[in-house]
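Just so you know, these numbers come straight off a predicted model, no measurement behind them. Per chain, numbering begins at 1; letters A, B, ... match sequence-line order.
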Amino acid sequence: MKFRKNIQIALRALSANKLRSGLTMLGIMIGVGAVVALMALGNGASAMITQQVEGIGSNLVAVLPGRLDGSQSRSQPTFLYYEDYEALERHLNRIAAISPAFQTTARVSYADTQLNSMLTATVPDYAQVRTFEMARGRFLREGDRASNARVVVLGSEVAEDIFGAVNPLGRTIKLNNVPFEVIGVLVSEGSNNTDTVVIVPLETAYTKLLGSTATRDGQRLVTDISISAATAEDVDSVMVQAERIMRRQHDLKLTDELDVTVVSQEQFLETLNVITGTLTAFLASIAAISLIVGGIGIMNIMLVSVTERTREIGLRKALGAKQRVILVQFLIETITLSMLGGLLGVALGMGVAAVATATDLIQAQVTLGSVLMAFGFAALVGIVSGLYPAYRASRLRPIVALRYE
Amino acid sequence: MIELDAITKVYQLGETQVHALNQVSFRVERGEMVAIMGPSGSGKSTLLNILGCLDEPSSGTYRLDGLNVENMGDDELAEIRNRRIGFVFQQFNLLARTSALENVILPLEYAGVDEREARERAQTALNTVGLGERIHHRPNELSGGQQQRVAIARALVTAPAIILADEPTGNLDSKTSTEIIRLFQQLHRVHGQTIIYVTHDPFTARHTQRVLRVADGQIVEDERVERPLEAGAALPSELALADEMHHHEEQS
């Protein structure tokens with residue numbers, strides 16, 4: 001019997017049972033679609049996190065209050081002070097730049113526009129540590145600190161939101177109702193951290209903006225101190241020096257636990273890789289579950305129709321179909337359903353990914369691996385669960401298959 | 001042409017063995033029309049299934065046109081069923097959601113007949129059973145009698161030498177039954193096909209030339225029917241259609 005005839009018989013059987021064919025395809029489609037979409041979102045999220053951390057700066061060492069690794073035994077909160085910055089700046093060797101920062105949020109208003117934004121109060125070196133580039137105007141200068149100047153540098157998104165196409169330089173905006181002159185706009189880095197921030201001189205913030213929220217027992221607080229080591233090789237030595245200086249600053253004995261965290265960007269990335277790795281594993285397990293659910297759906301619809309199809313096979317055998325012809329028919333049927341369902345599933349997954357990307361949720365990345373894996377698994381389950389009952393039925397005597405219940 | 005010698009069929013039902021057929025032997029010549037009669041559970045359907053190569057005997061020999069069927073493999077049996085036998089079931093057994101024409105085409109597809117010829121022959125077979133106007137109807141759009149006609153068209157479309165029918169009128173009312181029996185008589189008269197059907201109804205059985213009575217898995221009586229009953233009168237158009245069919249048989 002010609003192969004073309006086989007295809008004809010199979011396609012005719014499929015189109016005669018549109019509901020069953022449709023449900024089978026739907027199962028495969030949802031399984032494949034879920035996997036492709038979830039993997040794309042997971043990959044996108046991982047890539048985004050890594051990119052943001054890498055964009056923070058080069059040879060970066062950060063000093064943060066408290067213990068980030070969760071080993072803190074003392075119950076009271078610990079703080080970083082402006083004095084700590086001064087000590088670090090005075091005593092650290094082999095550094096390119098050092099900048100303290102006080103990070104909070106502020107209400108930004110200009111004419112009728114009002115929005116909440118991240119606020120970073122810092123010093124001119126911050127631009128070097130964070131490798132900022134200016135789109136317009138200039139960054140903070142030492143003179144701004146000395147004169148407590150009310151000047152502000154805007155992230156690109158903030159500038160866009162407030163001023164649109166208008167040049168913001170020289171205009172006055174209000175931060176928590178205090179007027180500031182816009183002196184510069186940062187180049188967009190594509191990450192929220194940089195693009196949605198407003199930056200003011202640290203001294204100005206202490207005296208005119210933050211008030212008592214930025215002091216403790218009369219001492220000025222900072223939320224973090226960023227240090228740029230001179231070269232990549234200096235990072236470790238800078239970290240050791242910083243820990244020693246901080247121990248002395250905070251009057252800690254050698255046996256006491258350090259109450260701040262000194263962390264390099266590299267370490268941070270490693271930690272993040274663990275996090276994103278966990279995220280990816282999490283998404284992979286969700287994907288695996290959707291595949292299994294999809295697979296069970298496919299199996300169900302295939303197995304539910306076993307009785308009907310066993311009788312059909314009995315009839316076909318009674319009319320003269322050979323075992324091989326029946327198997328080829330079922331193989332073509334299941335392959336057709338798996339391929340169509342799989343393709344629709346890939347399209348569905350890519351559609352979801354595209355929507356996520358278009359709405360700026362996540363830059364979803366559809367990978368060939370996830371497509372092949374999902375497609376392959378669904379096709380395998382579809383073909384096996386479609387073919388196995390057919391194989392069994394095709395070996396029965398026609399009369400046994402015809403009377404199957 | 002059909003020769004059964006000591007055919008026995010044993011089923012295992014748990015611990016006990018059931019002899020559905022016990023040492024059955026008989027011959028049916030080409031062109032005979034035979035009824036197999038018996039109460040339910042007598043083994044008459046098992047006998048027909050073995051004749052139709054849908055089931056295999058436990059022992060004994062079955063020669064069909066001189067071929068020893070009991071030694072054949074699965075694929076050879078499929079070919080025998082396809083080329084030499086047309087089977088009509090009590091339950092019709094049509095493919096659901098599939099048109100009458102496509103149901104009738106099916107055995108031709110397994111015979112490797114090309115598409116255009118298959119369509120023509122299926123149309124002719126449906127004309128013969130009087131359903132030429134309903135070829136695109138699906139089984140659920142046809143009455144029981146019409147469905148059985150489609151099944152008969154499917155059985156005769158490959159022009160087999162033997163047509164076997166298992167209680168073909170069992171699910172039909174008496175008027176429709178008469179039409180189906182008339183159709184069998186006509187096929188027998190016009191084409192000289194061998195026709196064997198199973199029935200439990202003595203009246204239906206008397207429309208054949210020979211009645212085999214089965215009881216407890218054995219043939220208990222082999223009776224010649226002196227004057228077979230006529231099931232109604234043939235319509236004039238049917239003979240013309242039958243000629244057309246005959247023409248196709250000669251071509252193939």
Side-chain angles (χ1 to χ4, degrees), chain A residues 1-24 301 304-330 332-333 390-405, chain B residues 9 11 20 45-57 73-99 101-115 118 138-140 151 154-155 157-158 160 164 166:
Chain A
M1 193 152 98
K2 291 193 199 86
F3 189 64
R4 214 170 63 87
K5 194 127 256 171
N6 271 318
I7 293 179
Q8 219 170 50
I9 292 172
L11 294 186
R12 201 168 288 162
L14 284 184
S15 69
N17 297 285
K18 292 194 178 65
L19 182 64
R20 185 173 68 207
S21 306
L23 286 175
T24 310
I301 195 75
V304 158
S305 56
V306 158
T307 307
E308 190 191 2
R309 303 231 76 179
T310 301
R311 289 190 185 144
E312 179 189 331
I313 288 168
L315 175 65
R316 288 176 185 276
K317 283 194 78 174
L319 298 180
K322 294 176 184 169
Q323 193 180 344
R324 191 181 53 82
V325 171
I326 286 170
L327 289 182
V328 170
Q329 177 199 332
F330 274 74
I332 294 169
E333 278 189 31
Y391 171 75
R392 278 186 25 179
S394 73
R395 286 163 53 95
L396 297 174
R397 280 186 209 136
I399 197 67
V400 178
L402 266 170
R403 290 179 178 164
Y404 185 84
E405 279 173 26
Chain B
K9 178 72 182 178
Y11 290 109
S45 283
T46 306
L47 179 58
L48 196 76
N49 290 335
I50 287 173
L51 288 177
C53 299
L54 299 178
D55 205 351
E56 287 161 36
D74 212 54
D75 283 356
E76 283 173 292
L77 286 174
E79 220 167 295
I80 294 276
R81 289 191 293 266
N82 186 242
R83 302 284 160 91
R84 295 177 191 266
I85 299 169
F87 209 102
V88 179
F89 303 89
Q90 183 179 358
Q91 310 290 344
F92 319 142
N93 282 337
L94 299 175
L95 282 185
R97 300 175 284 272
T98 304
S99 72
L101 187 68
E102 282 175 354
N103 265 294
V104 177
I105 284 177
L106 206 55
L108 294 177
E109 284 187 321
Y110 292 127
V113 175
D114 82 49
E115 168 117 31
R138 292 167 180 193
N140 62 353
R154 184 180 62 190
V157 73
T158 53
L164 302 172
D166 186 5

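- Annotation: maximal heavy-atom pairing with chain B below 4.5 Å, among A/Ala13, A/Ser15, A/Ala16, occurs at A/Ala16.
- The shortest side-chain heavy-atom distance between B/Glu79 and A/Lys322 falls under the 4.5 Å cut-off.
- A heavy-atom distance below 4.5 Å is not found between the side chains of B/Asp166 and B/Phe89.
- At a threshold of 4.0 Å, the pair B/Glu109-A/Arg12 counts as salt-bridged, since one of the basic side-chain nitrogens sits closer than that to a carboxylate oxygen.
- Within the 4.5 Å cutoff, the side chain of A/Lys317 has heavy atoms near those of the A/Ile326 side chain.
- For B/Asn93, the parts lying under 4.5 angstrom from a heavy atom of chain A are both the backbone and the side chain.
- The minimum heavy-atom distance between A/Leu402 and A/Ala318, with the atom names listed, is CD1-CB, 4.5 Å.
- Using modelled atom types, one side-chain atom of A/Ser21 and one backbone atom of A/Leu14 make a donor-acceptor pair closer than 3.5 Å.
- Taking B/Asp74, B/Thr98, B/Leu77 one by one and counting their heavy-atom pairs under 4.5 Å with chain A, the maximum is reached by B/Asp74.
- Contact annotation for B/Arg83: neither backbone nor side-chain heavy atoms come within less than 4.5 Å of a heavy atom of chain A.
- The greatest number of non-hydrogen atom pairs below 4.5 Å with chain B, out of A/Val400, A/Leu319, A/Leu315, A/Asn17, is found for A/Leu319.
- When each of A/Arg311, A/Gln8, A/Gln323 is scored by its heavy-atom pairs under 4.5 Å with chain B, the top score falls to A/Gln8.
- With a 4.5 Å cut-off on non-hydrogen atoms, B/Glu56 touches chain A through its backbone and its side chain both.
- Both the backbone and the side chain of A/Arg316 come within contact range of chain B, each with at least one heavy atom under 4.5 Å from a heavy atom of that chain.
- Looking at B/Leu106, the atoms closer than 4.5 Å to chain A (heavy atoms on both sides) all sit in the side chain, from C-beta outward.
- Residues B/Tyr110 and B/Thr158 have side chains not in contact (no heavy-atom distance under 4.5 Å, counting atoms from C-beta outward).
- Looking at B/Glu76, there are no atoms closer than 4.5 Å to chain A (heavy atoms on both sides), in backbone or side chain.
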